[in-house]
Amino acid sequence: MIDAVVEQVDGRMIRVGDQWLADFASCNYLGFDLDPEIIAAVPDYLATWGTHPSWSRLLGSPVLYEEIEDRLTTLLGAPDTLVLPTITLIHLSVIPLLAASGTVFVDRRAHKTIYEGAELATLRGATLQRFAHDDLDELEKLLKADRSSARLICIDGVNSMTGNAPDLQAFAKLARDHEAILYVDDAHGFGVIGERGPAETSPYGSRGNSIVRFAGETYDNVVLVAGLSKAYSSLAAFIACPTEMKRLLKTAAPPYLYSGPSPIASLATTIAGLDINEQRGDALRADLYAKTKRVLDAVDRLGIYTPNRDGFPIIEIPLGHAEQIGDVGEFLFKNGIYVTLAAYPLVPRSEVGFRIQLTAANTDGEVDHLIQVLGSLASRFDLQPSEQKAA
Ligand SMILES: Cc1ncc(COP(=O)(O)O)c(C=O)c1O
C-alpha cells in the first residue's frame with residue numbers, strides 16, 4: 001500500500017491492479033472531491049479564467065483569491081488571511097521569518113513539514129528547541145529559560161497520526177504569558193472541527209472553522225495555518241494572521257513572490273466548497289462523526305488499542321510486533337481495505353501500524369466491511385491490547 005498506482009475510482013472505492021479496495025486513506029473528510037455540485041461548478045470558472053493564472057501572486061492574483069481570503073477570514077473569525085499554494089510552502093517560508101534570530105520551540109510530534117521550516121530557521125540564525133509531545137510543563141521551563149528576542153511555538157492542531165487535538169487554551173496562555181507566538185498547523189482539523197454551541201450537530205462543533213474556534217480561543221498571539229487540500233479537496237492553503245503580518249509576508253515570503261499559484265480549478269472548488277460548507281457542512285460532519293464512532297466503538301469492542309481519544313476521524317492502530325507490518329498490509333489489501341501504513345523508520349518501532357481515515361463519502365457498507373476485516377485481523381495478528389495500554 002505504498003506507491004500504489006490507482007487505476008480507477010468509484011465513489012470511495014479504488015482499483016489498484018485487479019483489486020478493488022475501500023479507501024480509508026483519503027483526507028477528503030467532507031467528500032467534496034466527489035460532490036456533484038462542486039464538480040459542476042468548475043467548468044464556468046475555467047471558461048472565464050482559463051486553466052491556470054501562471055503569475056506568482058505578487059505579479060497578479062485573480063480576484064478569486066480576494067473572495068476566498070475574505071470568506072476564510074469571516075469563517076475563521078480571524079484578523080486576516082493569506083492564501084498560498086501549500087502548507088509545506090507556508091512552513092518553509094513563514095517559520096524562518098517569524099523565528100528570525102530568536103528561538104523556535106517545536107513539539108516532538110509536530111508534522112515533519114514543521115520541522116523542515118524550523119530547521120531552515122536555524123540556518124538563518126534561530127535556535128531550535130524541542131519539547132515532549134503536548135508537554136506544557138517542559139515547554140514552560142524552556143520558555144522561562146529563554147532570553148531571545150523572538151519566540152515561536154510550533155504545534156499541530158488535530159494530530160495527523162493520533163487524531164487528537166492539543167490543549168489549545170493552555171498553549172495559547174503560555175504563549176501570551178511569555179510574549180511568544182503560537183503557530184498551529186491544523187491541516188486535519190480545518191473543515192472537520194469548529195465552534196461549539198447548542199446548535200451543533202455533533203461533538204465536532206459547527207462550521208468546521210478549525211481548532212482555534214473549537215477551543216473557544218482568540219487569535220491573540222496565535223497564528224493558524226491550514227490547508228484546503230484535505231477537507232476542501234483543493235490545492236491551496238492559508239495562514240490566518242494579523243494584517244501587518246500578512247503585509248510582511250506579501251513582501252518577504254518566497255511562495256507569494258515567486259511560486260506558481262493554485263490552479264483555477266482549485267480556486268473554483270474552494271469557493272464551491274465554502275458554499276456547500278455553509279449549506280450542509282454540519283450535516284456532513286454529523287455523518288462523519290457517526291461513521292467514525294462506529295469504527296471506534298468496534299475497535300473498543302475488539303479490545304484493540306488506538307491512541308484516538310477525541311473521536312476525530314483519524315484512527316491509528318499500532319501493531320504488537322512491528323515486523324508484522326508487511327503481512328498486516330497484505331492481509332488488509334487482500335481483504336479489500338486500503339489504509340495508510342506507518343512503517344519503521346517513518347515512526348518509532350512502538351508505533352508501527354496503520355492509520356484509518358474516515359470521510360463522509362465512505363458508505364455505511366464500506367464501514368461495515370472495515371469493521372468485519374478488523375475483527376478477522378485481530379484474531380490473526382497481535383495488535384496492542386487496549387487494557388494493557390490503559391494500565
Ligand atoms: C499536519 C500536516 N501538515 C502539513 C501537511 C502538508 O500539507 P501540504 O500538502 O498543503 O503541503 C500535511 C499533509 O499531509 C499534514 O498532515
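We count ligands from 1, going down the list as the structure has it; atoms in each ligand are counted the same way.
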*Distance from atom 9 (O) of ligand 1 to nearest protein heavy atom, with residue and atom*: Ser229 OG, 4.2 Å
*Hey, what's the ring geometry for Tyr232 with Phe190, parallel, tilted or perpendicular (30° and 60° as the breaks)?*
parallel
*asked:* Among all protein heavy atoms in this structure, tell me which lies nearest to atom 16 (O) of ligand 1, with the distance rounded to 0.1 Å.
replied: His188 NE2, 2.7 Å
*Can Arg349 be said to sit on top of Tyr344's aromatic six-ring, NZ or CZ under 6.0 Å from centre and within 45° of the ring axis?*
yes
*If we only count N/O pairs under 3.5 Å, is Lys230 in contact with ligand 1?*
yes
_Quick check on Glu179: does its CD atom have over 12 non-hydrogen neighbours (other residues, nucleotides or ligands) under 6.0 Å away?_
no
*Which segment of Ala237 sits under 4.0 Å of ligand 1 when only heavy atoms are counted*: neither
*For Asn362 and Thr359, what are the C-alpha separation, side-chain angles and deciding distance, and is it a side chain to side chain donor-acceptor pair (under 3.5 Å)?*
CA-CA 6 Å; Asn362 285 113; Thr359 71; 3.1 Å; yes
*Looking only at protein heavy atoms, identify the closest one to atom 3 (N) of ligand 1 and say how far it is in Å.*
Asp185 OD2, 2.6 Å
_Test your reading of the model: is there a side-chain donor-acceptor pair from His369 to the backbone of Asn335, 3.5 Å cut-off?_
yes
*Starting from atom 11 (O) of ligand 1, which protein heavy atom do you reach first, and at what distance in Å?*
Thr88 OG1, 2.5 Å
*Nearest protein heavy atom to atom 5 (C) of ligand 1, by residue and atom, and its distance?*
His111 CE1, 3.6 Å
*Do ligand 1 and Ser160 have nitrogen or oxygen atoms that lie under 3.5 Å from each other?*
no
*Quick check: does Ile87 get an N/O under 3.5 Å from an N/O on ligand 1?*
yes
*Do we get Arg57 above Tyr65's six-membered ring, with its NZ or CZ under 6.0 Å from the centre and within 45° of the axis?*
yes
*Short N/O distance, under 3.5 Å, between His91 and ligand 1?*
no
